[in-house]
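One structure is given below, encoded as structure tokens.
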Amino acid sequence: METTMASSERGNSPIATALSVLRCFSPDRPVLGVVEIADMVGLHKSSVSRLMGTLEAEGLVEQDPMSKKYRLSLGLLSVAGSLLSHLDVRRAALPILTDLTAATQETSSLMLWDGHAAVSVEQVPSSFPIKHTAELGVRYDTVESSCVRVFVDAMDDGERQRFCEASGVTPERLRELATDDLYGVSINIGRTMPDEVGFCAAVRDHRGIVTAAVLLSVPRYRAEIDQLAKACRNAADDLTTSLGGFVRPTD
């Protein structure tokens, strides 16, 4: 009765049918044959066989060469990965930011790119009376900001060119701004605020794509450049690892 009702509610939508098939797999049923799936979704086994061939070609399922049964494929991550990384990044970042602020005694933030600017979405403030903080949701859109440069550096050539043209920034200016960088960390020494130094390092997801950045904001008079750049880099690498990403070596 349940499979008949599911088939009726599904109608003729191939997308709904494909989703019903994918939902047949579970931790209790990680491997299924065509006949099992056909019984579960209320379809003829020949229809399921054709659909499984399509899903396999798209990398969403894989077939065991011996049993001829199917399991879900890691290709599903290419569909859900972007959403999952954004849902998980703030939760994963908070303990890392907390540790970074505890170790450096400076304000740490998580930055995301909204397509036009870097946006602060999480922050752990310094306990010092003199500190640099910003409200959540504040946007930075100039390349002088270390967090903006992290995302601009991660763009492909075409996207970077369009951004620079819209912002009036030359390639020479980008190279000039990078002269203070260390350990793969973008560093802004007083370019946007004379009394502040910003350290920002990229966070990569399981695809190697820069999806976030860790920002450390420090009053200039107590900014120990080498030490704080390393601390920022290590925190970003820890967050990359927690998101299933691969940490790239830096100079």
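Note that the numbering runs from 1 along the sequence shown for the chain. No hydrogens, no waters, no symmetry mates; every other heavy atom, side chains included, goes into these values.
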- Query: Within the side chain of D205, is there an N or O that forms a donor-acceptor pair under 3.5 Å with the backbone of G208?
  - Reply: yes
- Do V143 and S167 come close enough that some side-chain heavy atom pair is under 4.5 Å? no
- Kindly indicate whether the side chain of F25, heavy atoms from C-beta on, has any atom under 4.5 Å from the side chain of I37. yes
- Scanning both residues in full, the closest heavy-atom pair of S242 with I96 reads OG-CD1, 4.2 Å
- Item | Polar contact flag, side-chain donor to acceptor under 3.5 angstrom, S217-E106 | no
- Query: What's the verdict on side chain to side chain contact (heavy atoms under 4.5 Å, CB included) for M111 and V150, showing C-alpha distance, side-chain angles and the deciding distance?
  - Reply: CA-CA 10 Å; M111 311 300 296; V150 165; over 6 Å; no
- Message: Nearest 0.5 angstrom please: T17 OG1 to L43 CG, how far?
- Response: 6.0 Å
- Query: Between E176 and R173, is there a side-chain N and carboxylate O pair less than 4.0 Å apart?
  - Reply: yes
- Message: Using a 3.5 Å distance criterion without hydrogens, assess whether the side chain of R139 forms a donor-acceptor pair with backbone atoms of V119.
- Response: no
- Side-chain donor/acceptor of Q63 to backbone N/O of K68, under 3.5 Å: yes
- Task: Look at R162 together with E165 and state whether they make a salt bridge at an N to O cut-off of under 4.0 Å.
- Result: no
- Message: Is it the case that over 12 heavy atoms from other parts of the model lie below 6.0 angstrom from the CD atom of E135?
- Response: no
- Please confirm whether the backbone N or O of H132 pairs with a side-chain atom of T107, one donor and one acceptor, at under 3.5 Å? yes
- Message: Strictly below 4.0 Å, N to O, side chains only: are E36 and K69 in salt-bridge contact?
- Response: yes
- Residue pairs, two or more places apart or on separate chains, that pass side-chain hydrogen bond (donor to acceptor under 3.5 Å, both in side chains) and touch residues 224-234: Y183-D226, D226-K230, R233-D237
- Message: I want to check something: taking the side chain as every heavy atom from C-beta on, are D181 and S186 in contact at a cut-off of under 4.5 Å?
- Response: yes
- Task: Identify the heavy atoms of I187 and D180 that sit nearest to each other, and give their distance.
- Result: CD1-O, 3.3 Å
- Query: Would a distance-only check, ignoring hydrogens and angles, find a side-chain to backbone donor-acceptor pair under 3.5 Å from S145 to D141?
  - Reply: no
- Task: With side chain to side chain contact (heavy atoms under 4.5 Å, CB included) as the test, would you mind laying out the steps for D238 and V214 before giving the verdict?
- Result: CA-CA 10 Å; D238 287 346; V214 171; over 6 Å; no
- Task: Calculate, to the nearest 0.5 Å, the distance between atoms CG and OG belonging to L228 and S108 respectively.
- Result: 11.5 Å
- Are R222 and Q105 side-chain neighbours, meaning at least one heavy-atom pair lies under 4.5 Å? no
- Item | Side-chain touch V148/T142, heavy atoms, less than 4.5 angstrom | no
- Message: Determine whether a donor-acceptor pair (N or O, by modelled atom type, separation under 3.5 Å) exists between the side chain of R71 and the backbone of P30.
- Response: no
- Task: Answer with yes or no whether the hydrophobic clustering places I209 together with L243; edges join I, L, V, M, F, W, Y residues whose side-chain heavy atoms lie under 4.5 Å apart.
- Result: no
- Message: Please check this pair: side chain of T101 against backbone of P125, looking for a donor-acceptor N/O pair closer than 3.5 Å.
- Response: no
- Inter-residue atom distance S26.OG - L32.CG, 0.5 Å rounding: 7.5 Å
- Message: I'd like to know whether V34 forms a side chain to side chain contact (heavy atoms under 4.5 Å, CB included) with Y70, so could you lay out the CA-CA distance, the side-chain angles of the two residues, the decisive distance to 0.1 Å, and finally the verdict.
- Response: CA-CA 8 Å; V34 167; Y70 291 90; 3.9 Å; yes
- Does T98 reach the main-chain N or O of L94 with its side chain, forming a donor-acceptor pair under 3.5 Å? yes
- Query: Any donor and acceptor pair, going by atom type alone, linking the side chain of S13 with main-chain N or O of A16 inside 3.5 Å?
  - Reply: yes
- Query: Is there side-chain contact between V21 and V61, with heavy atoms separated by less than 4.5 Å?
  - Reply: no
- Task: To the nearest 0.5 angstrom, please state how far the CG atom of L22 sits from the OG atom of S73.
- Result: 10.5 Å
- Item | Heavy-atom check, side chain of Y140 versus side chain of T192, under 4.5 Å | no
- Message: With heavy-atom distances below 4.5 Å as the criterion, would you say the side chains of Q123 and L136 are in contact?
- Response: yes
- Task: Return the minimal non-hydrogen interatomic distance between A118 and C147, and the atom names on each side.
- Result: CB-SG, 3.8 Å
- Following the transitive rule for hydrophobic clusters with a side-chain heavy-atom cut-off under 4.5 Å over Ile, Leu, Val, Met, Phe, Trp and Tyr, establish whether F199 and M193 coincide in one cluster. no
- Task: May I ask you to decide if V138's main-chain N or O and S120's side chain share a donor-acceptor pair within less than 3.5 Å?
- Result: no
- Test ring-ring contact (aromatic ring centres under 6.0 Å, His included) applied to F151 - qualifying residues, sequence neighbours left out: W113
- Task: For the pair I225 and I189, evaluate side chain to side chain contact (heavy atoms under 4.5 Å, CB included) and give the outcome as yes or no after the intermediate values.
- Result: CA-CA 9 Å; I225 302 297; I189 303 178; 4.2 Å; yes
- CG on L60 to OG1 on T54, rounded to 0.5 Å: 10.0 Å
- How far apart are the closest heavy atoms of V89 and L110, and which atoms are they? O-CD2, 4.0 Å
